[in-house]
Undergrad: 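Below: one structure in structure tokens.
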Amino acid sequence: MGRVDHKVAVVTGGALGIGKAICELLAREGAVVAVADILDAPGQAVAQAINQQGGQASYWPMDVSREADVQRTLAAIAARYGAIHILVNNAGVAGADKPPHEITEAEFDAIFAVDVKGVFFCTKHVIPIMRAAGAGSIVNLSSIYGLVGSADIPPYHAAKGAVRLMTKTDAMYYAKDKIRVNSVHPGTIMTELVEEMARNSPEGYEEYMKGRSRIHPIGHPGEPLDVAYGVLYLASDEAKFVTGAELVIDGGYTAQ
Ligand SMILES: NC(=O)c1ccc[n+]([C@@H]2O[C@H](COP(=O)([O-])OP(=O)(O)OC[C@H]3O[C@@H](n4cnc5c(N)ncnc54)[C@H](O)[C@@H]3O)[C@@H](O)[C@H]2O)c1
């Protein structure tokens, strides 16, 4: 028996990195998975691999920063599978890495469009669908950077902080509908997002990666599956009394 049998899950940003690991794990644990992303070929490959391994998945092109796109796609997924029980708001971008006084309005807005409005749009349009299903679980990917500060990527900190509190407010609004809303706060996890930050880092790739290992008391960055297991728990009925919570998966980073 799987931990999320008979559930339909939508994972935004499911084509790569953490989102891909979440899609694979939810499918392995029995969910029907809608992989939603703007990267068509990798997204289709994730769905195809799941289906080849005996799971059930399909790819849906969806830009979370465009409300009409989100509304249309979530409605189409619900029509195809009859319901949506799990939404993982995972799509995210890191964006400009400069001191705040050098960041342009356009750079700031670009992060908020995906990381904050994307979560808002997907939540807004999944709520009626989850209400119709009688229950639901929404898991929002925030970050350690939504909990504590550090001198890099300022708009990302602001965005992930916003996601943390949107999560708690949404949890209050929809608790009576049996829709739970929780946030997950990963430390550094080795994905394309981090690879890109390392490549663009002024200190160079190697030094950046050494630094990332040093700042996590466990001594190394995490891997996507470390986060996926936390998401699986929150998505499943095992977490039926958990809402408005923050699950920190950070190798001890914020315990210091
Ligand atoms: N990797 C880390 O160290 C880390 C740490 C903390 C939090 N997070 C968060 O976890 C989530 C996943 O991060 P990741 O490292 O796997 O990133 P990633 O860059 O490897 O993957 C992000 C995915 O989101 C998709 N995406 C981007 N913009 C989109 C849009 N507008 N609409 C739909 N999909 C879009 C991308 O195409 C990609 O498939 C993000 O929200 C990120 O902020 C990551």
Side-chain angles (χ1 to χ4, degrees), residues 10-25 34-47 59-70 72-74 87-95 97 109-122 125 139-148 150 152-153 155-164 166-167 183-201 208-209 211-213 215-216 220-228 230-231 246-251 253-254:
V10 177
V11 181
T12 70
L16 300 178
I18 295 171
K20 178 181 176 210
I22 294 168
C23 289
E24 291 166 351
L25 186 60
V35 183
D37 210 295
I38 48 175
L39 297 178
D40 294 345
Q44 278 156 357
V46 171
Y59 172 69
W60 301 78
M62 180 174 89
D63 182 341
V64 298
S65 69
R66 300 167 71 95
E67 183 168 13
D69 203 10
V70 168
R72 187 176 50 245
T73 309
L74 292 181
L87 167 66
V88 185
N89 280 315
N90 165 80
V93 289
D97 188 8
D109 286 348
I111 304 305
F112 266 61
V114 178
D115 293 7
V116 181
K117 279 167 71 178
V119 174
F120 164 60
F121 291 149
C122 292
H125 292 292
V139 184
N140 294 331
L141 267 289
S142 176
S143 170
I144 48 174
Y145 284 2
L147 297 171
V148 295
S150 79
D152 64 345
I153 47 176
Y156 183 81
H157 279 78
K160 293 301 182 179
V163 169
R164 172 178 174 269
M166 268 203 293
T167 301
S183 57
V184 173
H185 301 261
T188 302
I189 306 294
M190 281 316 300
T191 66
E192 183 48 40
L193 182 140
V194 172
E195 292 276 350
E196 192 187 333
M197 283 166 65
R199 283 194 299 269
N200 296 337
S201 159
Y208 180 89
M209 288 315 306
R212 287 285 118 183
S213 295
I215 59 176
H216 293 79
H220 57 80
E223 53 191 66
L225 200 52
D226 295 328
V227 180
V231 172
E246 335 179 326
L247 178 55
V248 180
I249 303 175
D250 71 349
Y253 182 98
T254 53

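All ligand and atom numbering here is 1-based and tracks the order in the structure. All values derive from a computational prediction rather than experimental measurement. The figures here come from the full heavy-atom set of this structure, side chains too, leaving out hydrogens, waters and symmetry mates.
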Undergrad: Are any of the side-chain heavy atoms of Tyr59 and Val46 separated by less than 4.5 Å?
TA: no
Undergrad: Indicate yes or no: does an N/O atom of Val64 lie under 3.5 Å from an N/O atom of ligand 1?
TA: yes
Undergrad: Can you report which non-hydrogen protein atom sits closest to atom 39 (O) of ligand 1, along with the distance?
TA: Asp37 OD2, 2.6 Å
Undergrad: I need the minimum non-hydrogen distance between Asp69 and Pro61, along with the two atoms involved.
TA: OD1-O, 4.3 Å
Undergrad: With heavy atoms of Asp63 as the reference, note each atom of ligand 1 found under 4.0 Å away.
TA: 30 (C), 31 (N), 32 (N)
Undergrad: Tell me if a side-chain donor or acceptor on His216 pairs with a main-chain N or O of Thr188 at a distance below 3.5 Å.
TA: yes
Undergrad: Which residue and non-hydrogen atom of the protein lie closest to atom 22 (C) of ligand 1, and at what distance in Å?
TA: Gly92 O, 4.0 Å
Undergrad: Is Ile153 close to Met197 at the side-chain level, that is, under 4.5 Å between some pair of heavy atoms?
TA: yes
Undergrad: Under 4.0 Å, heavy-atom basis, I'd like to know which part of Met62 is in contact with ligand 1: side chain, backbone, both or neither.
TA: backbone
Undergrad: Write down the atom of Gly92, the atom of Val114, and the distance for their closest heavy-atom approach.
TA: CA-CG1, 4.1 Å
Undergrad: Can you find an N/O atom of Ile189 closer than 3.5 Å to an N/O atom of ligand 1?
TA: yes
Undergrad: Going by heavy atoms, is Ser142 under 4.0 Å from ligand 1?
TA: yes
Undergrad: Would you mind listing which atoms of ligand 1 come within a distance below 4.0 Å of any non-hydrogen atom of Leu141?
TA: 10 (O), 41 (O)
Undergrad: His185 near ligand 1, heavy-atom distance under 4.0 Å?
TA: no
Undergrad: Is there a side-chain contact between Tyr208 and Val194 (heavy atoms, below 4.5 Å)?
TA: yes
Undergrad: Do you know which two heavy atoms are closest between Asn90 and Gly13, and how far apart they sit?
TA: ND2-O, 3.0 Å
Undergrad: Kindly compute the distance separating CG (Leu39) from NZ (Lys20), expressed to the nearest 0.5 Å.
TA: 12.5 Å
Undergrad: Is the shortest side-chain heavy-atom distance between His157 and Ser143 below 4.5 Å?
TA: no
Undergrad: State, to 0.1 Å, how close Pro42 and Leu16 come at their nearest heavy-atom pair, and which atoms those are.
TA: CB-CD2, 4.2 Å
Undergrad: What protein heavy atom lies closest to atom 29 (C) of ligand 1? Include the residue and the distance to one decimal.
TA: Ile38 CD1, 3.6 Å
Undergrad: Starting from atom 21 (O) of ligand 1, what is the nearest protein heavy atom, named by residue and atom, and what distance separates them?
TA: Leu16 CB, 4.0 Å
Undergrad: Could you check atom 12 (C) of ligand 1 against the protein and tell me its nearest heavy-atom contact, residue, atom and distance included?
TA: Asn90 OD1, 3.1 Å
Undergrad: Under 4.0 Å from any heavy atom of Val194, which atoms of ligand 1 are there?
TA: 1 (N), 2 (C), 3 (O)
Undergrad: So, regarding Thr188 and ligand 1 (criterion: nitrogen or oxygen to nitrogen or oxygen, under 3.5 Å), is there a contact or not?
TA: no
Undergrad: Hey, which atoms in ligand 1 end up nearer than 4.0 Å to a heavy atom of Glu192?
TA: 20 (O)
Undergrad: Looking at Leu39, which atoms of ligand 1 are within less than 4.0 Å of one of its heavy atoms?
TA: 37 (O)
Undergrad: Can you name the nearest heavy-atom pair linking Pro186 to Ser142, along with the distance?
TA: CD-O, 3.6 Å
Undergrad: Considering Gly187, Ser143, Gly222, which one's heavy-atom position lies nearest to atom 5 (C) of ligand 1?
TA: Gly187
Undergrad: Between Asp115 and Val163, which heavy-atom pair has the shortest distance, and what is it?
TA: O-CG2, 3.2 Å
Undergrad: Starting from atom 15 (O) of ligand 1, locate the nearest protein heavy atom and write down its residue, its atom name and how far away it is, to 0.1 Å.
TA: Thr191 OG1, 2.4 Å
Undergrad: State whether the shortest distance between N or O atoms of Ile18 and N or O atoms of ligand 1 falls below 3.5 angstrom.
TA: yes
Undergrad: Within ligand 1, which atoms have a heavy atom of Gly13 less than 4.0 Å away?
TA: 23 (C), 24 (O), 25 (C), 34 (N), 39 (O)
Undergrad: Which residue and atom name correspond to the protein heavy atom nearest atom 19 (O) of ligand 1, and how close is it?
TA: Leu193 CB, 3.4 Å
Undergrad: Mark yes when over 12 heavy atoms from residues, nucleotides or ligands other than Lys160 sit less than 6.0 Å from its NZ; otherwise mark no.
TA: yes
Undergrad: I need the nearest protein heavy-atom contact for atom 9 (C) of ligand 1: residue, atom name and distance, please.
TA: Tyr156 OH, 3.8 Å
